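Read the structure below first, then the notes.
Convention: sequence-line order gives letters A, B, ...; per-chain numbering from 1. Here the structure is a predicted model, which means the values were calculated and not measured.
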There are 2 protein chains.
Amino acid sequence: MATMTDIAREAGVSLSTVSYALSGKRPISDATRERVQAAIDRLDFHPRASARALALQRTSLLGLAVPQRPDVDDHVVMEFVGSILGAAHEQDYDVLLVTAEDHARTLRVAEEGKVDALIVMDVVEGDARIPSLARLHSPVVLIGNPQDAGGLACVDFDFLAGAMLAVRELHARGASRVAMLKPPSAGPDGPVPTYARRSRLGYAMACAELGMESHVVELPPEPEAVTSFVRDHLVEQREFDGLFVHHEPALALLGRTLLAQGVHCPDDLQVVAVSPADVAMNGPWEVSSVDIPIPAIGQTSVAMALERLSTHETPAHARLLSPAFVPRGTTRAR
Amino acid sequence: MATMTDIAREAGVSLSTVSYALSGKRPISDATRERVQAAIDRLDFHPRASARALALQRTSLLGLAVPQRPDVDDHVVMEFVGSILGAAHEQDYDVLLVTAEDHARTLRVAEEGKVDALIVMDVVEGDARIPSLARLHSPVVLIGNPQDAGGLACVDFDFLAGAMLAVRELHARGASRVAMLKPPSAGPDGPVPTYARRSRLGYAMACAELGMESHVVELPPEPEAVTSFVRDHLVEQREFDGLFVHHEPALALLGRTLLAQGVHCPDDLQVVAVSPADVAMNGPWEVSSVDIPIPAIGQTSVAMALERLSTHETPAHARLLSPAFVPRGTTRAR
DNA sequence: CTGTTAGCGCTTTCAA
DNA sequence: TTGAAAGCGCTAACAG
């Protein structure tokens with residue numbers, strides 16, 4: 001529990017010399033630096049973070065609001081958290097976690113200056129938290145891209161471009177009747193992910209562009225629903241020769257069902273998913289996909305937060321990460 | 001960005017009066033309190049956390065080291081994190097997350113006083129981090145119960161008692177040949193979970209106590225391994241009539257395999273698992289189990305950390321949460 | 001290259 | 001019931 005004053009006395013120099021020796025913000029003679037370092041080692045000194053925070057008006061802490069709702073995938077959340085931790089640590093920032101459900105607390109850690117900036121995961125369309133977040137004086141970065149971001153910075157995968165790319169890749173490989181598979185849209189009350197609209201729009205635009213009919217299928221992630229969809233539309237009627245799947249919870253299930261009903265990919269049917277790489281490679285197949293780069297989103301969110309912290313002039317904007325197609329086992333060569 | 005000095009001026013009182021009005025640590029006349037509160041509202045004042053931390057020498061932050069290794073279950077990690085967040089928030093603490101893999105950083109947040117105490121998840125037998133953690137001046141709580149905790153506080157489920165309870169319950173329901181199923185012990189280099197030894201010991205002790213032979217089966221969580229175990233020991237030879245399963249990754253798989261091979265629970269075979277409740281209810285069956293109370297472990301870790309923070313006199317000790325048996329579908333009535 | 005000193009914004013003793 | 005003032009431990013002018 002030695003303080004800098006102790007070090008100064010021990011090393012026979014002044015307080016500020018110790019400070020500058022540590023920060024390197026002004027030249028210190030080698031001799032002095034060594035005596036200071038020796039004193040630090042001898043007394044096992046560690047600078048007090050709270051004192052530094054008060055003097056500097058920066059805590060070197062990033063706030064992260066994580067969703068705890070049962071319907072969000074813990075695996076995805078942990079991947080976000082991990083990439084954000086990593087990116088923050090690289091810039092010597094630590095991460096303070098708050099649950100998104102406790103929004104009052106989220107606001108409070110920002111208002112009381114416990115954190116220098118806030119990253120908010122799992123933003124939904126018309127998110128009720130946006131107005132209060134926009135009122136904050138600290139930088140806020142939303143993960144997600146709501147129609148009205150209230151002037152806040154956003155990072156997300158470019159789901160519109162991703163959907164278009166997926167459909168184009170299917171078409172370029174010979175598919176001419178491509179359906180989109182997605183989860184049922186929640187009731188008017190339920191939360192709508194910010195990507196839902198954009199993904200669907202991208203699908204429709206690509207279909208129009210390529211002169212294909214668009215056909216959106218909303219599928220509950222239950223075995224029965226998937227089974228009957230495959231039976232009715234892919235086996236009895238060979239209605240589609242391409243599937244654009246934006247439906248993570250049903251992806252592995254779909255693979256098992258196609259296998260069980262003898263629909264062979266990519267011969268009978270080509271499939272391209274939009275999903276994180278690991279879920280595309282989960283289950284009995286490896287799905288060609290437009291991968292959602294979760295780590296890159298996390299890293300970008302940290303970069304944006306820190307950017308807004310240093311240069312206060314950056315105009316608020318959304319950053320949408322560009323898609324890339326990863327051919328795996330469910331598409332033909334082109 | 002108003003400070004307390006601003007509030008004092010605005011309300012026409014002294015700085016200390018504002019402080020006491022907020023903390024309630026000395027009586028303030030209603031009139032004064034109201035004027036202070038009015039000023040606070042008018043100026044939108046929020047106390048600066050870093051100033052308070054410096055004055056109080058407490059940050060109201062708990063450090064939490066979470067594992068990021070690919071072989072730990074994200075779902076379990078998130079359940080721990082959630083319960084720890086909840087318990088911390090209840091005591092007006094926030095949680096700073098560090099990855100367990102970056103141990104240097106974990107130590108640093110404690111040494112620099114960024115956190116008041118540290119909770120370390122996923123402690124393994126002979127954990128290399130223990131000596132350095134023990135040297136810290138802040139309270140540390142380990143989740144896990146290593147043979148040598150180096151004088152640190154520990155919280156864990158009582159796996160020894162849990163294993164004994166599981167075996168006794170099987171025996172009381174008529175099982176007389178009970179095998180234990182567990183994952184393969186890692187090589188001598190790999191990390192050994194702190195519960196491995198205790199769970200196995202509990203199984204052996206209960207078998208001895210009940211006059212049963214003990215038979216430990218180490219099973220890789222692969223379909224082939226499970227299939228051949230079921231075939232060889234449960235179908236061709238009906239070697240066991242009870243299974244004590246401490247093997248989370250194989251549990252659902254075992255259920256599917258038994259179903260496929262026509263082994264019926266609880267008629268042909270009774271099964272009791274040690275696992276979190278949700279994994280016991282996952283897959284094609286609902287396994288009777290001794291539930292690992294993850295939320296309670298998380299809450300207890302927070303309680304212990306805060307306890308050691310207030311009363312420095314508490315002797316270091318391990319707290320082992322007692323098991324309870326939850327009958328589900330894989331055991332008979334007794 | 002080094003020292004002196006005035007903050008950062010709160011808490012709390014001491015004094016009224 | 002209230003006020004004045006001394007810290008908490010560091011940073012960063014300002015002054016040599």
Exercise for the section: Look up atom CD in A:Gln37 and atom CG in A:Asp30, then write down how far apart they are to the nearest 0.5 Å. Expected result: 12.5 Å
Completion exercise
When rounded to the nearest 0.5 Å, the distance separating CZ of A:Arg35 from CD1 of A:Ile40 is 12.5 Å
Handout entry: Pairwise 5' ranking along DNA chain D for B:Thr32 and B:Leu56, keeping only the more 5' one
Key = B:Thr32
Problem - Pair B:His46, B:Arg48: side-chain N/O donor-acceptor within cut-off below 3.5 Å - result: no
Practice task
Determine whether the side chains of B:Tyr20 and B:Arg33 contain a donor N or O and an acceptor N or O closer than 3.5 Å.
Solution key: no
Between [N] atom [atom2] and [X] atom [atom1], what is the distance in whole Å?
| X | N | atom1 | atom2 | answer |
| --- | --- | --- | --- | --- |
| B:Asp30 | D:dT2 | CG | C1' | 15 Å |
| B:Leu15 | C:dT13 | CG | P | 15 Å |
| B:Tyr20 | C:dT13 | OH | P | 6 Å |
| A:Ile7 | D:dG9 | CD1 | P | 13 Å |
| B:Asp6 | C:dC8 | CG | P | 11 Å |
| A:Met1 | D:dC10 | CE | P | 12 Å |
| A:Glu112 | C:dC8 | CD | P | 20 Å |
| A:Met4 | D:dA12 | CE | P | 10 Å |

Counting distance alone, no hydrogens or angles: does the base of [N] have a donor or acceptor under 3.5 Å from a partner atom on the side chain of [X]?
| X | N | result |
| --- | --- | --- |
| B:Ser16 | D:dG3 | yes |
| A:Ser19 | D:dA12 | no |
| B:Arg26 | D:dT2 | yes |
| B:Arg9 | D:dG3 | no |

Counting only side-chain heavy atoms from C-beta out, which of [options] sits nearest to [X]?
| X | options | answer |
| --- | --- | --- |
| A:Ala55 | D:dT2, C:dC10, C:dC8 | C:dC8 |
| A:Ala51 | D:dT1, D:dT11, D:dG9 | D:dG9 |
| B:Phe45 | D:dA12, D:dC10, C:dC10 | C:dC10 |
| B:Ser14 | C:dC10, D:dG3, D:dC10 | D:dG3 |
| A:Arg48 | D:dC10, D:dA12, C:dT13 | D:dC10 |

Practice task
Please report the shortest heavy-atom distance between B:Ala117 and B:Leu309, naming the atom on each side.
Solution key: CB-CD1, 4.5 Å
Fill in the blank from the handout: In short, B:Leu97 meets A:His89 closest at the heavy-atom pair O-NE2, 4.3 Å
Answer yes or no: does a side-chain N or O of [X] lie under 4.0 Å from OP1 or OP2 of [N]?
| X | N | result |
| --- | --- | --- |
| A:Arg52 | D:dT11 | yes |
| B:Ser29 | D:dT2 | yes |
| B:Thr3 | C:dC8 | no |
| B:Thr17 | D:dG3 | yes |
| B:Lys25 | C:dT11 | no |
| B:Gln57 | D:dG9 | yes |

Handout entry: Salt-bridge criterion met for A:Arg105 and B:Asp92 (N-O under 4.0 Å)
Key = yes
Sugar-phosphate, base or nothing in reach of [X], heavy atoms under 4.0 Å:
| X | value |
| --- | --- |
| A:Ser23 | nothing |
| B:Ser50 | nothing |
| B:Leu54 | base |

